[in-house]
Amino acid sequence: MNKKYFTLVFLFFLILFLTGMMETIIVGIMPAITEQFHTVNSITGQLITVYSIIFAVVGPLLIFLVRKLNLKKSILTFLVIFSFSNFLTFWSFNLPILFISRIICAVSASVLVAKTLESCFLIFKEDKKKLALVNMGFSSSIALGVPLGTYISSLVDWENIFLGIGIISLVLFIILIFIYPETESNFKENFKIKLSDLVTGNNLRLLLTTMLILTANMAFIGYISPYFIEGYSFNTSTISWLLAILGIGGVCGSYVSAWLMEKFRARSSLAILLVLFIIFLIVISFRPPLYLLAFLLFFWNLCQWATGPIIQFEISNKADEHSREQIISLNMSALNAGSALGGLIGGIYISYFSIHSIPLLAAFVALIAFLVIMTGGKK
């Protein structure tokens with residue numbers, strides 16, 4: 001990897017890390033926001049829901065509307081908007097403005113993620129390791145968002161987190177102006193993206209698998225703190241380092257995916273990961289001792305986040321140059337829809353059943369994802 005490509009990989013990684021962190025970092029700073037605006041956690045929690053819904057719904061539509069812009073102009077434009085949204089969060093003096101800033105952030109992030117992944121695919125061609133490394137930025141940010149938000153907010157006021165992200169985004173904007181290679185827009189005046197080109201049997205299967213995996217993940221992770229408190233009576237310190245281990249597992253998962261893609265076909269890799277994912281959740285439901293629990297959480301999250309780059313590469317590799325951005329955006333929408341659905345299902349479940357059994361709910365959803373991926377032909 002020459003120096004220019006290494007720099008681009010690092011910059012793409014940072015863009016995906018910053019945009020991905022926007023979804024989950026609120027969990028870690030929720031108590032501080034709730035206290036500052038004199039509200040309740042159920043209201044503050046909607047900052048996450050609004051972000052996920054806007055990202056999932058607006059993303060594919062916006063990608064289509066800005067298709068005439070080449071990749072460089074698209075990334076630079078929405079990087080500025082993303083930076084502005086974080087400055088607006090920093091300056092928010094009431095909840096309505098905070099919600100508006102989250103909406104703007106979700107809109108800009110939805111385009112940035114798709115355009116960055118498309119750039120990675122075009123610039124690095126079919127280099128699976130580089131794609132997995134860049135994708136690690138997104139998966140690691142979501143995995144580390146909660147513990148990172150908790151830790152940083154213990155050092156500085158929560159608003160300063162968004163000030164820092166806004167400044168970093170502007171720095172990325174300036175650097176990319178000079179080193180991002182010029183690319184032509186994939187848009188053709190006489191070309192129309194056909195729905196049938198996007199909604200193939202294989203794409204539907206992969207998109208549904210993405211959604212189900214994230215649903216399973218968020219159904220458990222969204223309520224993991226009360227699960228630890230009620231099931232184990234853990235204190236805040238213990239929960240924090242368990243969440244950190246969980247995040248590290250997610251980061252490692254993205255790297256492991258590159259190895260799996262080199263050794264196995266996509267369908268086989270996903271099947272192996274989902275089987276392990278289910279087994280780990282079932283064992284966790286028996287409430288094992290602390291150190292075994294830490295081991296299980298690490299490898300459970302590793303398996304979950306190893307699936308992302310595999311699915312991303314599979315749908316990108318089989319799409320043509322005109323529809324690739326759109327299918328990448330749809331996959332990101334499926335991811336966010338799964339997160340929102342998982343939080344909803346998990347909340348309903350613990351309203352009627354014991355929170356101690358919520359890992360089994362996540363395992364059941366993952367089983368459905370396994371059955372979905374196994375319904376296809378040989379891949």
Within the distance-only criterion (no hydrogens, no angle test), does the side chain of S169 pair as donor or acceptor with the backbone N or O of I165 below 3.5 angstrom?
-> yes

Short side-chain to backbone donor-acceptor contact, N331 and Q312, under 3.5 Å = no

Minimum heavy-atom separation for [X] to [Y], with atom names?
{"X": "A306", "Y": "P309", "result": "O-CD, 3.7 Å"}
{"X": "A362", "Y": "F220", "result": "CB-CB, 4.0 Å"}
{"X": "S339", "Y": "M218", "result": "O-CG, 3.1 Å"}
{"X": "I103", "Y": "I54", "result": "O-CG2, 3.9 Å"}
{"X": "I177", "Y": "K72", "result": "O-NZ, 2.9 Å"}
{"X": "W305", "Y": "L214", "result": "CH2-CD1, 4.3 Å"}

Checking [X] now: which residues fulfil side-chain contact (heavy atoms from CB on, under 4.5 Å) with it, not counting sequence neighbours?
{"X": "A366", "result": "A216, F277, I278"}
{"X": "D157", "result": "E159, N160"}
{"X": "L88", "result": "F84, I97, I100, S101, I104"}
{"X": "F299", "result": "F280, F295, L302"}

How far apart are the C-alpha atoms of I358 and I224, what are their side-chain angles, what is the distance that settles it, and do they pass the side-chain contact (heavy atoms from CB on, under 4.5 Å) test?
-> CA-CA 9 Å; I358 202 166; I224 200 166; over 6 Å; no

Can you tell if the side chain of [X] reaches within under 4.5 Å of the side chain of [Y], non-hydrogen atoms only?
{"X": "F162", "Y": "I25", "answer": "yes"}
{"X": "L76", "Y": "Y180", "answer": "no"}
{"X": "I310", "Y": "L273", "answer": "yes"}
{"X": "N86", "Y": "L18", "answer": "no"}
{"X": "F234", "Y": "L290", "answer": "yes"}
{"X": "C105", "Y": "T89", "answer": "no"}
{"X": "L170", "Y": "F87", "answer": "yes"}
{"X": "V365", "Y": "I213", "answer": "no"}

List the steps and the verdict of side-chain contact (heavy atoms from CB on, under 4.5 Å) for W300 and V283.
-> CA-CA 10 Å; W300 167 67; V283 177; over 6 Å; no

When clusters are formed from ILVMFWY side-chain contacts under 4.5 Å, directly or step by step, what else is grouped with V57?
->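 V57 clusters with I53.
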
Between the side chains of Y232 and T238, is a donor N or O closer than 3.5 angstrom to an acceptor N or O?
-> no

Among V113, L117, I168, T116, side-chain contact (heavy atoms from CB on, under 4.5 Å) partner for I15 = T116

Rounded to the nearest 0.5 Å, how far does [atom2] of [Y] lie from [atom1] of [X]?
{"X": "T209", "Y": "E314", "atom1": "OG1", "atom2": "CD", "result": "11.0 Å"}
{"X": "T19", "Y": "M22", "atom1": "OG1", "atom2": "CE", "result": "8.5 Å"}
{"X": "S269", "Y": "L260", "atom1": "OG", "atom2": "CG", "result": "4.5 Å"}
{"X": "L163", "Y": "S83", "atom1": "CG", "atom2": "OG", "result": "9.5 Å"}
{"X": "F17", "Y": "L11", "atom1": "CZ", "atom2": "CG", "result": "14.5 Å"}
{"X": "T375", "Y": "F370", "atom1": "OG1", "atom2": "CZ", "result": "10.5 Å"}

Dump the intermediate steps for side-chain contact (heavy atoms from CB on, under 4.5 Å) on V111 and I75, then the final yes or no.
-> CA-CA 8 Å; V111 177; I75 289 176; over 6 Å; no

Does any pair with a residue in residues 274-291 pass side-chain hydrogen bond (donor to acceptor under 3.5 Å, both in side chains), and if so which ones, sequence neighbours excluded?
->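 Non-adjacent pairs meeting side-chain hydrogen bond (donor to acceptor under 3.5 Å, both in side chains): zero.
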
Step-by-step side-chain contact (heavy atoms from CB on, under 4.5 Å) determination, F173 to F78 | CA-CA 10 Å; F173 169 82; F78 284 93; over 6 Å; no

